[in-house]
Amino acid sequence: GAAVIDAVDDDYTGTPVNGASGGNLPTVLSNDTLNGGAVTVGAGGNVTLTPGAAPTPAAGSITMNADGTITIAPGTTAGVYTYAYTICEVLNPTNCDTATATIVVDAAVIDAVDDTGTVANGATGGTAVPNVLVNDTLNGAPATLANVTLTQLATTNPNVTLDPATGAVNVAPGTPAGTYTVTYEICEILNPSNCDTAIVTVTVGAAVIDAVNDTGTVPNGATGGTAVPNVLVNDTLNGAPATLANVVLTQVATTNPNVTLDPATGAVNVAPGTPAGTYTVTYQICEQLNPTNCDTATVTVTVGAAVIDAVDDDYTGTPVNGASGGNLPTVLSNDTLNGGAVTVGAGGNVTLTPGAAPTPAAGSITMNADGTITIAPGTTAGVYTYAYTICEVLNPTNCDTATATIVVDAAVIDAVDDTGTVANGATGGTAVPNVLVNDTLNGAPATLATVTLSQLATTNPNVTLDPATGAV
C-alpha cells in the first residue's frame, strides 16, 4: 500500500500581514507529513504541491509559491482569505491530501491627528489650517489625498469648514470671533472601512476696532447746534471706516445733559440754552459681528456764549427838568443778546447791574430794575453819566457795559419888571412890598423859599431892595 500522506490546515491568523506593504508567510508544508515524516518538494522531494484557486482580493494579490510560502503583494486589500492546496506522493502520484491555509491581511495603521489653527480676523475670514493631512499618517508614512479619502463629519459653525479637495480648513468672511471645531475622517483608499477621525480646533479673532477722539465747537450755546456731524468719520473697523452698517454706536456718558450723541446719525448735538463751557461726551462703538468687540472715545465740545452788546445811551436830546424831576426810557432798548432784544426780570435773558449812581448836589438819579432812570424832583441841573452792566442769564460771566448820558435842566425862572410909588420922598416909604409877587420859577410863584434875591444896581443909593423881604 501507499504511505499515509497528511496535509494539515494552516492558520496564519496569528501573524496578519499588512496589506499596504505586503509580505510573506512561511510554507504551508511545515506541518504536513508523508509516512509520518516531513514532506519536501522540488528536486529530490517526496511530494508535489498544487495550489488551489488563489484568493481574489479587491486589490493586490495573494500567491502560493512553489515552496509553499505565500506572498501578499503590496497594496492588497485587507481581509481574511482561504487558500486550498494539495500535496501528492511522488512515488504514488494518486496518493494525495488537501488542506487549507487561512490568511489575514490587515489594513495599514491609519492615524488622523488633531490640528489647531487661527484666523486673526473673522470679518475677512481666511484659512486656519492649510492641510489637515500634514500630520496624519497611513502605514507610518504621510497620508495624502492619493492614499486616503477626506471627509468632514461635523462643524460647530457652518462658516468653518473643511475642503476635502485640498485638506484646508477655511473660515468664511463674516464669521464671529470664537473657538470652533471641525471633525473630519480619513479612510484608506485601499480599505475604505479603515478610517480614523480627528478634530481641528479653530480660533477666530475679531477685527481691530478703533474709536478715535473728536473735537467740535458750537459758537453759541443759546441757540445750540451740531458740534460734530458724525463721530464715526475717523473711527475704523478692520482698517476701514466704521459705519452704522458695521458697528453699533452708544453714548456712554456726558458731562452736560444738553450735550448728547445721536446714535442714529453719529452727530453730537448741543441743545439750545446750553451754558458756555467745555464738555465731553464718551461714546462706544461695538462690532455688529462681534458685539463684545468694542472701543470707546471721547468727544470734546466747546460751547460759546452769545454776543452781548450793551450800547451807550444818549439822553441829551431829552433833558429832564430837575425841579420837577422825571423818568427816562430804559437803557436796555438798544442793547442786544445774540442779535435780539434783551429782557430782564422773570424769564428775562439778561441781568442788569447799575454802576455807581451820579451824585448831584441835590436830589438823586436812580436806575431802576427795568433800566428806566428816575430823576427825583429837586435834582441839581447838570450833565451826568451813569454806567451799567448787562450779563447773560445763561452765562453770567458773559457781560458788557455801557454808559447813559443824562441832562438835568434847571427850571424856567422868570423875573418880571415891577413898578411902585412913594408919595413923599421927604418921608420915604415902600415903593413895592415884594418884587417876587409877579416872578415865577418852573411856572409857579417864586418865593424866598425857592429863589435867592439880590440887588444888582440902583440909580439912587437911597432907593434899595431888601433881599430879606423883596421890598423896594
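Owing to the predicted nature of the structure, the values given are computational and were not obtained by experimental measurement.
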Pro74 and Ser21: which non-hydrogen atoms are nearest, and at how many Å?
CG-O, 3.4 Å
Report the C-alpha distance between Thr201 and Thr179 in whole Å, list the side-chain angles of each, state the deciding distance to 0.1 Å, and finish with yes or no for side-chain contact (heavy atoms from CB on, under 4.5 Å).
CA-CA 7 Å; Thr201 301; Thr179 301; 3.7 Å; yes
Please tell me whether Tyr184 and Asp196 have a donor and an acceptor in their side chains that are separated by less than 3.5 angstrom.
no
Taking the side chain as C-beta and beyond, is there a heavy-atom pair between Ile5 and Ile87 under 4.5 Å?
yes
With no hydrogens and no angle check, do the side chains of Thr372 and Asn327 hold a donor and an acceptor under 3.5 Å apart?
no
Taking Thr298 for the side chain and Thr282 for the main chain, is one N or O donor matched with an acceptor at less than 3.5 Å?
no
Validation row: Glu188, Asn147 side chains within 4.5 angstrom (heavy atoms):
no
What heavy-atom pair brings Gln288 and Ala245 nearest, and what distance separates the two atoms?
OE1-O, 3.1 Å
Between Gln284 (side chain only) and Thr250 (backbone N and O only), is there a donor and an acceptor less than 3.5 Å apart?
no
Please identify which of these residues, Asp312, Thr389, Thr353, meets the side chain to side chain donor-acceptor pair (under 3.5 Å) condition with Thr401.
Thr389
Under 3.5 Å, is there a donor-acceptor pair between the side chain of Asn398 and the main chain of Ala305?
no
At what distance, to the nearest 0.5 angstrom, does OG1 of Thr274 lie from CG of Asn258?
3.5 Å
Spatial distance of atom OG1 (Thr302) from atom OH (Tyr279) [nearest 0.5 Å]:
10.0 Å
Within a strict 4.5 Å, meaning less than it, do heavy atoms of the Ile406 and Ile373 side chains meet?
yes
Thr385 and Thr403: side chain donor to acceptor below 3.5 Å
no
Is there a donor-acceptor pair closer than 3.5 Å between any side-chain N or O of Asp210 and the backbone N or O of Thr236?
no
Is Gln152 close to Thr183 at the side-chain level, that is, under 4.5 Å between some pair of heavy atoms?
no
Between Ala2 and Glu89 the two heavy atoms that sit nearest each other are CB-OE1, 3.8 Å
Any side-chain heavy atom of Tyr83 within less than 4.5 Å of one from Leu25?
no
N/O donor-acceptor pair under 3.5 Å between Thr265 side chain and Ala267 backbone
yes
Can you confirm whether the side chains of Thr254 and Asn256 place a donor and an acceptor under 3.5 Å from each other?
no
Are the side chain of Thr379 and the backbone of Ser364 linked by a donor-acceptor contact shorter than 3.5 Å?
yes
Within the side chain of Asp114, is there an N or O that forms a donor-acceptor pair under 3.5 Å with the backbone of Val200?
no
Separation between CG of Asp163 and CG of Leu150, rounded to the nearest 0.5 Å:
8.5 Å
Kindly determine whether Asp235 and Leu237 satisfy side-chain contact (heavy atoms from CB on, under 4.5 Å), including the steps that lead there.
CA-CA 7 Å; Asp235 297 341; Leu237 175 66; over 6 Å; no
In short, Tyr315 meets Ala404 closest at the heavy-atom pair CE1-CB, 3.9 Å
Smallest heavy-atom separation, Gly273 atom then Pro275 atom, equals O-CD, 3.6 Å
If only atom types and distance count, is the side chain of Asp313 paired as donor or acceptor with the main-chain N or O of Thr405 below 3.5 Å?
no
With rounding to the nearest 0.5 angstrom, report the CD to CG distance, Glu287 to Asn246.
8.0 Å
Using side-chain heavy atoms (C-beta onward) and a distance below 4.5 Å, is Val268 in contact with Val231?
yes
Does the Asn35 side chain pair with the main chain of Gly37, one donor and one acceptor, at a distance under 3.5 Å?
no
Determine whether the side chains of Asp295 and Tyr283 contain a donor N or O and an acceptor N or O closer than 3.5 Å.
no
What pairs meet the side chain to side chain donor-acceptor pair (under 3.5 Å) rule with one or both residues in residues 119-134, with sequence neighbours excluded?
Asn121-Asn238, Thr127-Asn170
Thr280 and Thr300 side chains, donor-acceptor separation under 3.5 Å
no
With a 3.5 Å distance limit and no angle check, can you tell me whether Asn46 reaches the backbone of Thr40 through a side-chain donor-acceptor pair?
yes
Please walk me through it: do Val105 and Tyr81 pass side-chain contact (heavy atoms from CB on, under 4.5 Å)?
CA-CA 8 Å; Val105 176; Tyr81 302 95; 3.8 Å; yes
Non-hydrogen side-chain atoms of Leu49 and Leu29 separated by less than 4.5 Å
yes
When every non-hydrogen atom of Pro192 is compared with those of Cys195, the smallest separation belongs to O-SG, 3.2 Å
Before you tell me yes or no, could you show the steps for Thr260 and Val281 under side-chain contact (heavy atoms from CB on, under 4.5 Å), namely the whole-Å CA-CA distance, both residues' side-chain angles and the distance that decides it to 0.1 Å?
CA-CA 7 Å; Thr260 56; Val281 173; over 6 Å; no
Considering only heavy atoms from C-beta outward, does the side chain of Val299 approach that of Asn213 to under 4.5 Å?
no
